[in-house]
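Since the structure comes first, as structure tokens, the remarks are kept for the end.
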Amino acid sequence: MRYDIQETEAKWQDRWEDERVFNVSEDPTRPKFYNVQMYPYPSGDLHMGHLRNYSYVDLLTRYKRMQGFNVLSPMGWDSFGLPAENAAIKTGVHPREFTETQIARMKTQLRRLGAVYDWDRELASHSPDYYRWDQWLFLELYDRGLAYKRNAPVNWCPVDQTVLANEQVVDGRCERCDSVVIKRDLDQWFFKITDYAQRLLDDLDHLDAWPDRVRTMQRNWIGRSEGCTFSMEVAGTDVSFDVYTTRPDTAFGMTFAVLAPEHPLVDDLIAGTEHETAARSYIDAANGLSEIDRLAEGDKTGVFTGRFAINPVNSSQVPIWIADYVLMGYGTGAIMAVPGQDQRDWDFATKYGIEIIRTVQPPDDFEGEAYLGDGPAINSEFLDGMQMADAKSTIIEWFEEKGLGKGTVNFRVRDWLISRQRYWGCPIPMITCPTDGLVPVPADQLPVIHPDVEDYAPGGRSPLAAVESFVNVECPVCGGPAKRETDTMDTFVDSSWYYLRYCDAQNSEAIFDPAKVDYWMEVDQYIGGVEHAVLHLLYARFITKVFHDMGMVEAKEPFRALFTQGMLVKDGAKMSKSKGNVVSPEEYYARYGADAIRLFELFIGPPTDDAVWSDNGVEGTSRFLDRVWRMATDQVGKIEERPASDADREVLAEAHRMVQKVTEDIDRFSFNTAVAHLMTFANTLQAALRDGLARETHTESIRLMLLLLSPMAPHLSHELWERLGHGSMLATEAWPRWDPELVARDVVTMVIQVNGKVRDRVDVPADIDAATAEAIALASERIAEWLGGGEIRKVIARPPNIVNIVVG
RNA sequence: GCCCGGGUGGCGAAAUCGGUAGACGCUGGGGGCUUAAACCCCCCUGUCCGAGAGGACGUGUGGGUUCAAAUCCCACCCCGGGCACCA
């Protein structure tokens, strides 16, 4: 036993905190490093899966600090949200009380791991000190026209009884509870993220320290497409409608047009016609279906309106259909249908017997139906013979010259719906007055604090709506009776700016001091789960850009580097409370201590990959720590001084190679191999000590190991550092450097191949030249056997590593 | 369907630029220490052939490029993730 684990680990946890080792302030004389993990929802108990992430973050905090950076690593709580509210419904305990108990428990557990933060900057989104600035931000957005209320069909989760943002609907289901989402028409608040779509897209190109995967997901989510919007008249009427297409070059192949069932023109077109009854029942059926059911239908369905539209390129009349494969939410909610070049249109046309005209010549061997590829235009009058790109720009010019349409850009991303009909969130600071309409709550009346309620149960509207004393308020403009907004904000609003607040967390006068934010921002390393690739990470980028435009933040992007860690898996599933497969750290703390757990979490596999939990692993890293302890302590005072030998120098060289490899591996987030290099050196040192070698370099070897180990297994390395008589605290020591001369090898093993197969290995000087290497290879006795008198066709020498002799 | 990842021993994995495949750890086996056990220490642990020296094979499958391929190219299979009636 190396020491009393509980006692010693607690001792160092106290000292790091009491001596404020990781509390920092702005210091322009040192390079800064802002290290942030996605602040957690306070769900209560940390399991091994969580500890993996915290081990990474803490490693970086300590490592960067030793490298001389002014490191800010703060911690906070994403403490609004449904779990606390659902617990309140069940138990009657106020969500605040529930949440704060959970936070206290999680803090204790973070401390137990030895994770260090600047706790002076702790924040929690449910605290009025925090969410008053949510409200302030909301009003700033409102002033700038970036927050607006409108009646719109929205995603409604029937179980959680609230609306959801598009980003929170996954495969037509609620991201949180998995129930099928339905459409409802509601008056809701939106943030105008679409105004920032182009910048959010463009700046992805500069985020080269982000995983490509996340950038691709954001690109797809933003979904930019270039095309053309033009207007089509309805024959025999004075109405017209716009269509959007990415393939205006195929306009001559339009054989019908389609309106989404929700299209505002639909009513007018069918009213009083013989088609009205059929159309009406089709529309009603479509409206009653959830997005999932619409898709599940498989086959495309639609109904003819009896009307015709005039194709502006050739004045031909095409039938107007209503079909739910056209979505009201994208483009103009109406399309020109070109079955020859669009598979969906092809399917529809085939089913309903509509004419098909090809306007791009498919290759001779083409066997498909609709042809989407490039080729010369046909049946397209003045476009005939042009390739797609040419035809596209020519027809757009033509539309623009005639004033019939224009080139347009379309985005898939929609405005961010932030209203929620739930209690445990930040109240939206708006008032509706019968005289003055929508009126913002004056800034000096913030925060709008939500009152306690008796019933948290969701009933299709916010529980706050039942509290008359909250709802009824004087209009700030006219003083007359008015009503408060009772919806709360999406919790993703809270999390879209907390990393700015950390920079000045205790400011009671302003959301933050821009000077402090400019010192710390951008976040140098952001760490979290990939599940936020298009939710939080897109919202946070949007809000940062808004602050930039407000002149309050210099940075245009919040997170310079993003690291998305893998999940911990057990029994084939992600470790989580709901799956019932969590491994609780308690018994491991008792048996092995925090260091062995941390080291195993680092060692278990590549940090970006999912990893499988194994009980034996902690045993292994604990053994390694025991060995380090023994090597460091058993030999103290027993080492006889002797002159340095070649063996000593070689051990020291290995120690420096370890320093180099561990440093480089941490820098490239290869923590598992960094640990492996420490183990390899420990094996080398142990063998040398056993053989009575490496006496003189022993002290230096241990010193270097402890420095490297300190961000990974901080308790043991601090304790040893102190016991070995170093007067300083290890955490404040400088990260070691390696001596390149020592690291370089004089002699290396050269591989000799015959026809690409390894046949011999010889030690050669590292600076050997090609001719000598070749000569040595050809002189090898073992090689001679393999050459067997055959003709040597070629010798490839890559000194000092390899010589390949080709015989034939 | 489209777009990303990934597939290497009994297991987790390593191989950073095309140059010794399997570092490091786990598991398992053998031995030492011990009255005994635990701890600890030493040796072995990809498959096959061989007493051994050694040899053949081997990174999902099939081809290709190359003196040389886990790594590059083509086709395919499987697993994971994202997007998906987006006009």
Side-chain angles (χ1 to χ4, degrees), chain A residues 1 170-171 211-221 223-225 227-228 243-248 250 258 260 291 294-295 297-300 323-327 329-338 341-345 347-348 410-414 530-531 533-534 599-600 603-606 608-621 623-624 626-627 630 661 664-665 667-668 670 672-683 686-687 690 749-761 782 793-798 801-808:
Chain A
M1 184 48 80
V170 178
D171 292 336
D212 286 339
R213 184 159 74 119
V214 173
R215 291 201 284 176
T216 306
M217 282 164 72
Q218 290 215 355
R219 263 186 211 109
N220 291 342
W221 190 264
R224 183 184 201 269
S225 72
C228 174
V243 298
Y244 170 74
T245 178
T246 54
R247 294 293 303 276
T250 65
V258 186
E291 202 99 329
R294 270 200 192 186
L295 290 175
E297 291 289 311
D299 226 19
K300 291 191 177 29
D324 66 6
Y325 80 92
V326 172
L327 309 174
Y330 184 79
T332 59
I335 62 161
M336 68 163 194
V338 187
Q341 270 75 230
D342 185 291
Q343 189 60 42
R344 295 156 301 183
D345 297 345
D347 294 342
F348 194 84
N410 232 298
F411 293 96
R412 208 195 73 120
V413 66
R414 317 287 159 78
V530 73
E531 66 272 18
V534 287
L599 207 55
F600 177 60
F603 186 57
I604 190 168
T608 43
D609 291 6
D610 289 351
V612 182
W613 174 258
S614 96
D615 289 327
N616 295 326
V618 185
E619 182 90 41
T621 50
R623 262 205 286 268
F624 165 71
D626 283 339
R627 190 179 313 163
R630 281 196 305 273
K661 284 174 176 165
E664 289 172 353
D665 280 357
D667 284 339
R668 67 186 177 104
S670 182
N672 53 329
T673 52
V675 175
H677 290 307
L678 275 158
M679 290 173 164
T680 306
F681 178 71
N683 293 344
Q686 177 162 321
R690 181 190 65 224
T749 302
M750 183 173 79
V751 168
I752 308 170
Q753 298 181 327
V754 177
N755 289 341
K757 289 191 190 294
V758 178
R759 296 305 183 192
D760 200 7
R761 296 178 169 87
R782 305 185 52 159
R793 291 177 192 267
K794 201 171 179 184
V795 179
I796 293 100
R798 290 285 175 274
N801 297 315
I802 207 158
V803 173
N804 189 13
I805 302 164
V806 186
V807 295

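What you see is a predicted model; the values in this text were computed from it and never measured. To find a chain, count down the sequence lines: A is the first, B the second, and so on, and within it residues start at 1.
Contacts of Asp610(A) classified as side-chain contact (heavy atoms from CB on, under 4.5 Å), with partners at least two apart in sequence or in another chain: Met567(A), Val569(A). Judged as a side-chain contact (heavy atoms from CB on, under 4.5 Å), and not counting sequence neighbours, Val612(A) has no contacts. Residues meeting the side chain to side chain donor-acceptor pair (under 3.5 Å) test with Asn220(A), sequence neighbours left out: none. Under the side-chain contact (heavy atoms from CB on, under 4.5 Å) criterion, Arg782(A) pairs with Asp760(A), Ser780(A), sequence neighbours left out. In terms of the side-chain contact (heavy atoms from CB on, under 4.5 Å) criterion, Glu531(A) has no residue partners (sequence neighbours excluded). Qualifying ring-ring contact (aromatic ring centres under 6.0 Å, His included) partners for Phe348(A), counting only residues two or more places apart in sequence or in other chains: Phe256(A), Trp321(A), Tyr325(A), Tyr352(A).
Nucleotides U59(B) and A53(B), compared at atom P, are 25 Å apart to the nearest Å. Nucleotides U34(B) and U27(B), compared at atom C1', are 25 Å apart to the nearest Å.
Residue Arg793(A) places no side-chain N or O under 4.0 Å from the OP1 or OP2 atom of C67(B). Taking side-chain N and O atoms only, Arg759(A) has no distance below 4.0 Å to OP1 or OP2 of U20(B). Put simply, Lys300(A) has no side-chain N or O that comes within less than 4.0 Å of OP1 or OP2 on C85(B). Within the structure, a side-chain polar atom (N or O) of Gln686(A) is placed less than 4.0 Å from OP1 or OP2 of C41(B).
With salt bridges taken as basic N to acidic carboxylate O contacts below 4.0 Å, one links Asp212(A) and Arg215(A).
C39(B) atom P lies 13 Å from atom CZ of Arg627(A), rounded to whole Å. Between the CG atom of Asn616(A) and the P atom of C24(B) there is a distance of 19 Å, rounded to whole Å.
Within 4.0 Å (heavy atoms only), Asp347(A) reaches no atom of the nucleic acid at all.
Taking the syn range as angles within 90° of 0, the glycosidic angle of G9(B) is syn. Glycosidic torsion of C26(B) falls outside 90° of 0, placing the base in anti.
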- Message: Both atom distances under 3.5 Å, Watson-Crick or G-U wobble: I'd like the secondary structure of RNA chain B as a dot-bracket string, with | for pairs made across strands.
- Response: (((((((..(((......[....))).(((((.......))))).((((....))))..(((((..]....))))))))))))....
- In B/S/- notation, 5' to 3', how is nucleotides 1-14 of chain B contacted by protein heavy atoms closer than 4.0 Å? -----------BSS
Could you tabulate the donor-acceptor pairs under 3.5 Å formed by side-chain atoms of residues 330-338 of chain A, not counting sequence neighbours?
unit_1, atom_1, unit_2, atom_2, d
Tyr330(A), OH, Ser225(A), OG, 3.1
Thr332(A), OG1, Asp242(A), O, 2.8
Thr332(A), OG1, Ala334(A), N, 3.4
Thr332(A), OG1, Ala334(A), O, 3.1

